[in-house]
Every structure is written in C-alpha cells, then in structure tokens.
Amino acid sequence: MPELPEVETVRRGLAPVFAGRRLTAVRLNRPDLRFPLPDGFVQRLSGARVETLERRAKYLLASLDRGDTLVMHLGMSGRFEIDRPAAGAAERPGGFRTRVEADAKHAHVIFETDEAVRVTYYDPRRFGFMGLIETKALGQHAWFKAMGPEPLGPDFNAAYLNAAFAGRRQGPKTLLLDQRIVAGLGNIYVCEALHRARIPPLAPAGGVSRANIAALTGAVRAVLTEAIAAGGSTLKDYAAADGALGYFQHAFRVYSREGQPCLRPGCRGTVARIVQGGRSTFFCPVCQR
DNA sequence: CTCAGCTCCTGCGGGC
DNA sequence: TGCCCGCAGGAGCTGA
C-alpha cells in the first residue's frame, strides 16, 4: 500500500541495518512474489555487502558491492520487520502491520546481516516484487526506463507538468497516478494534493490553467513533505506499542472522508467519492471547481 | 498514442 | 452469529 512517503519512511528505518552490512543469509519461503524471483537470487545476495539503501519513486534500491542492485517494491501490503536478537524486541519501521500480516505464512523473504539482524519481508497480497539488476543497467530496465521525475526533485515543476497535461483529456487524478508522468504518488496523496490546489479530479487535464498547475506542483510537494515528516500514513494498524506507526492519516482532508465536511476553512462542502479507473477518488465538489 | 477496463492476491469491515 | 459483497496505499496488460 505504501506511496512515496511510506517507502521513504521504510527506507530510513532499514538503512541503518542494511547500509554497510554484509548479507550473511537470505531465505525464501516461496519462489515468487508478484513475479518469480530471479534465478540465483539467494546465491547472488548471500555474502554480498550492501553499500547504500536508496529510494526511487516507490522502489527501494539496495546497491551491492558485487555490481548488482537489489530492487524492492512493496506493492499494496508489503512490510518489513527488523528483529535484533540482542535487543529481543521487534521494530516495525514502516508501520504496515495488521493482525493478519503478523502471521508467519506471509513472511516471504528473510535477510540476515553480519550483525545478526534479521529483516523479514511480509506481503499478504503479494503485489510486491523484488529483482536483482545490474546497477549500471538500472536506468534501462523496464521498471525505470519510462519513469517520470521524482515529485520532490527539481524536474517536477510547473513547466514540466504543464507540458505533461497539455492536450490530455484524462483527468488530473488519473495522470498524477501515472508513474511515467510523475513517479511516487499514489491514490492518497493525489487526492490530497488536488484538494489542496482546488483542482477538480475529473475535468480534462488539458484544460487546467497554468496558475492551477503551478499550485498543484506546490501542493504535491507540500503534502509529500508533510507526510514524510509524519512517518507516512498507517491505514490498517493495531495498537502497537513501538511508536513506529505513521500518523499522517490524521491529516487527511479528503481521503477516506466521504460524506464528511470539507476541511477547507470557510467551505461548506461535503467530501464526495467517485470511481476513476477502478480507484476511489475523494474530493470536495464545492471548492474543487 | 490514448484511454477504459480488467487482473493479480488476501483480508477486513459493513450490511443483511 | 455467519455469510456475502465491496473495498483496499499498485501497476501491468488487453483491446478498442
């Protein structure tokens, strides 16, 4: 389920246990996630040293000293759990934990490092996937080749988005979810950004004014920055005592708030829900016009 | 090229 | 209480 802020939160939690460490053991509890894991996955990882753990859009990239990069995507329900046997307690850096996910049957991949730290990948729905790609060729790989700019980077700006929206009849909602246009947004943050910028989700993107597009790029940056600072959003959680759950869900202005009052000061609208491309869009029909 | 619709998978919560 | 249905933070594929 994670979008960019959640993946970034996971990255920050995992980096201290992965970066600079050697993988002493890797175990697979099944041969595939969403896609089959590559041939020799375990062998190619075992004994390799992780140099850095970075993020591109919703992907985690662990570059290895052997010239490969371990690429990980959490799909809808992927989650990592760190176990430090010495400390005895488990941490949940991404906070994506439910009663069900706690079930060992969804522990698909287990890494162990030379500090005897165990990192377990859980993914009940198995929409997540992993790959092992030659680092030099990463940019040419199908997963990254056509990927749009990072929404928090310099290439995502009003001029760029203006060009991307020009002449398009699809709504801004659909286009912002397209990772080829901008990479890292998902359903929550697109809904929130459109609301902040007061842009209707359904009207043709080609008709959005330059001023509104400029406001939209600012809104995207703001909502992502705030969400990262909050540790992301945790939708399905139970009261874990470790404090690692994200809390940006309390700052949602429209997402998952159908029938509730619009939170824009002075607006008397009621949040509506429509379906676009099979996904829920939450918006305020009064102020997003 | 663009766009709508469907698919993968499992679990949960609401309504009857 | 139990069952059925709709829905879920993603993204790739098909076919018009």
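Note: hydrogens, waters and symmetry copies are ignored here, and every other heavy atom, side chains too, is used. Please read these numbers as outputs of a predicted model, since none were measured by experiment.
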Base-pair string, DNA chain C, Watson-Crick plus G-U, cut-off 3.5 Å on both distances, | for inter-strand, is .|||||||.|||||||

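- Nearest to the side-chain atoms of A:His106 among the listed nucleotides B:dC3, C:dG10, B:dT10 stands B:dT10.
- Under the 4.5 Å side-chain heavy-atom criterion for ILVMFWY residues, no single connected hydrophobic cluster contains both A:Leu161 and A:Leu202.
- Distances from the side chain of A:Gln170 to the nucleotides B:dT10, C:dC7, B:dC3 place B:dC3 closest.
- Considering only side-chain atoms of A:Lys105, the nucleotide from B:dG11, C:dA11, C:dG9 that sits closest is B:dG11.
- Between A:Phe111 and A:Phe80, the ring planes lie tilted relative to each other; the angle falls in the 30° to 60° range.
- Contacts between residues 181-210 of chain A and DNA chain C, defined by a heavy-atom separation under 4.0 Å, are made by A:Gly186, A:Asn187, A:Ile188.
- Taking every side-chain heavy atom of A:Leu235 into account, C:dG9 is the closest of C:dG9, C:dA11, C:dA8.
- Side-chain proximity of A:Arg126 to the nucleotides B:dG11, C:dA8, B:dC9 is greatest for B:dC9.
- When the nucleotides C:dA11, B:dC9, B:dG11 are ranked by their closest atom to the side chain of A:Pro124, B:dG11 comes out on top.
- The side-chain ring of A:Phe127 is stacked on the base of C:dG10, judged by centre separation under 5.5 angstrom and plane angle under 30 degrees.
- Between A:Trp143 and A:Phe35, the ring planes lie parallel to each other; the angle is under 30°, not in the 30° to 60° tilted range.
- Side-chain atoms of A:Arg168 lie closest to B:dT2 of the nucleotides C:dA11, B:dG11, B:dT2.
- In this structure, A:Thr174 reaches neither bases nor backbone, as no heavy-atom distance under 4.0 Å exists between it and the strands shown.
- Remark: A:Arg273, A:Arg279 in residues 272-279 of chain A come within less than 4.0 Å of DNA chain C through at least one heavy atom.
- Side-chain atoms of A:Ser233 lie closest to C:dG9 of the nucleotides B:dC3, C:dG9, B:dC9.
- Computed from coordinates, the A:Leu176 CG to B:dC3 P distance equals 14 Å when rounded to whole Å.
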